[in-house]
Amino acid sequence: MITGAASGIGAASRRTLEAGGHTVIGVDLAHTDVTADLSTPGGRAAAAAAVTERSGGVVDGLVCCAGLGSLSHVPGGKLIAVNYFGAVELVMSLKPALERADGASVVVISSSSTTTQPGVPEDLVTACLRGDEAEAVRIGDEVTAIPAYPASKLALAWWIRREAVRPDWIGNGIRLNAIAPGMIDTPMTNGDDLDPELAKALDFYPVPLGRRGRPDEIAALVEFLLGPGSTLFCGSVVFADGGTDAQLRQQDW
Ligand code: NAD
């Protein structure tokens with residue numbers, strides 16, 4: 001199952017997995033198998049129910065790509081509701097279906113903004129990790145989308161690391177991992193709805209590789225983390241960013 005399957009990294013992941021012979025159930029606001037709004041508890045529950053039914057109650061792999069960026073005029077609270085709660089609530093709702101698979105794998109898409117963007121609001125990260133959606137949405141609206149974005153992705157990566165090692169996940173053979181992409185060329189970074197000033201600032205984003213990433217490059221990593229070659233990965237946050245993180249915090253880990 002892939003959320004955000006209609007566009008960008010989610011759509012590329014779908015293409016890659018289907019080319020490898022897998023059956024994919026996509027979830028998005030439109031243009032895929034299951035239509036659901038992951039910004040609301042009702043939408044998440046409906047998505048989980050529809051996927052459980054379509055999969056016959058067994059989900060081998062779950063990829064959470066649905067997300068809102070900070071470069072278009074999105075309220076910070078809505079961004080938090082989709083990027084953090086829209087991922088972790090779905091993972092938790094689908095736990096029974098993941099448990100029925102033989103060694104399920106969950107991959108969420110975090111972001112290298114977690115380590116490269118200064119001023120991440122800690123109280124927002126904490127509210128997410130407490131599961132206090134009302135408070136997290138309130139803080140997100142207050143701080144606005146630009147700081148809310150790395151907060152949503154840091155909380156997501158830390159949730160993965162916290163939960164991955166618990167016996168009720170890894171003890172049931174379910175591996176939880178995250179990918180932290182750098183700047184990837186998708187509608188989130190090249191769409192028509194971006195604030196032109198903020199979009200211009202992306203040209204100054206340091207990428208030692210010398211170019212933006214392509215969605216299929218992240219999709220290849222998604223395929224690896226879902227597959228049998230990655231069985232030792234548990235609670236990993238894999239940076240795939242053309243060198244940005246290494247350049248900005250060489251020895252800081
Ligand atoms: P994208 O905009 O192409 O795709 C995001 C998808 O999420 C869209 O199909 C959209 O409809 C869906 N979505 C948004 N709100 C939703 C909602 N309420 N319910 C259901 N679906 C919803 O962007 P992308 O670049 O492919 O982003 C995929 C993931 O990767 C996101 O979580 C993003 O934060 C993350 N990411 C992207 C970049 C980048 O540079 N593009 C970098 C780091 C992380």
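Predicted model, so just to flag it, every value in this text is computed and none were measured. As the structure lists them, so they are numbered: ligands from 1, and atoms in each ligand from 1.
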| request: Under 4.0 Å from a heavy atom of Ala66: give me the atoms of ligand 1 that qualify, with their elements. | output: 7 (O), 21 (N), 22 (C), 32 (O)

| Numbered atoms of ligand 1 (with element) below 4.0 Å of Ile109, judged on heavy atoms | 29 (C), 30 (O), 35 (C)

| Ligand-side contact atoms (ligand 1) for residue partner Ser110, heavy atom cut-off under 4.0 Å | 43 (C), 44 (C)

| Asp245-Ser112 side chain donor-acceptor pair, cut-off 3.5 Å | no

| task | Do me a favour and list the nearest non-hydrogen protein atom to atom 6 (C) of ligand 1 with residue, atom name and distance? | result | Gly4 CA, 3.8 Å

| field | Polar contact flag for Gly10 and ligand 1 (N/O pairs, less than 3.5 Å) | value | no

| Protein residue, atom and distance nearest to atom 42 (C) of ligand 1, heavy-atom basis | Gly182 O, 3.0 Å

| 4.5 Å side-chain heavy-atom contact, Val88 and Glu163 | no

| query | Side chain, backbone, both or neither: which part of Val82 comes within less than 4.0 Å of ligand 1 when only heavy atoms are counted? | reply | side chain

| Is there side-chain contact between Thr114 and Phe239, with heavy atoms separated by less than 4.5 Å? | yes

| message | Give me the nearest non-hydrogen protein atom to atom 1 (P) of ligand 1 as residue plus atom name, then the distance to 0.1 Å. | response | Ser7 OG, 3.6 Å

| Going by atom types only, do Thr189 and Tyr205 share a side-chain donor-acceptor pair under 3.5 Å? | no

| query | Where does Thr189 meet ligand 1, judged by heavy-atom distances below 4.0 Å: at the side chain, the backbone, both, or neither? | reply | side chain

| note | among protein heavy atoms, the one nearest atom 31 (C) of ligand 1 is Cys65 O, 3.1 Å

| Protein contact to atom 5 (C) of ligand 1 [nearest heavy atom, distance to 0.1 Å] | Gly67 O, 3.7 Å

| query | Which protein heavy atom lies closest to atom 27 (O) of ligand 1, and at what distance to 0.1 Å? | reply | Met188 CE, 3.6 Å

| Among the heavy atoms of Lys153, does any lie under 4.0 Å from an atom of ligand 1? | yes

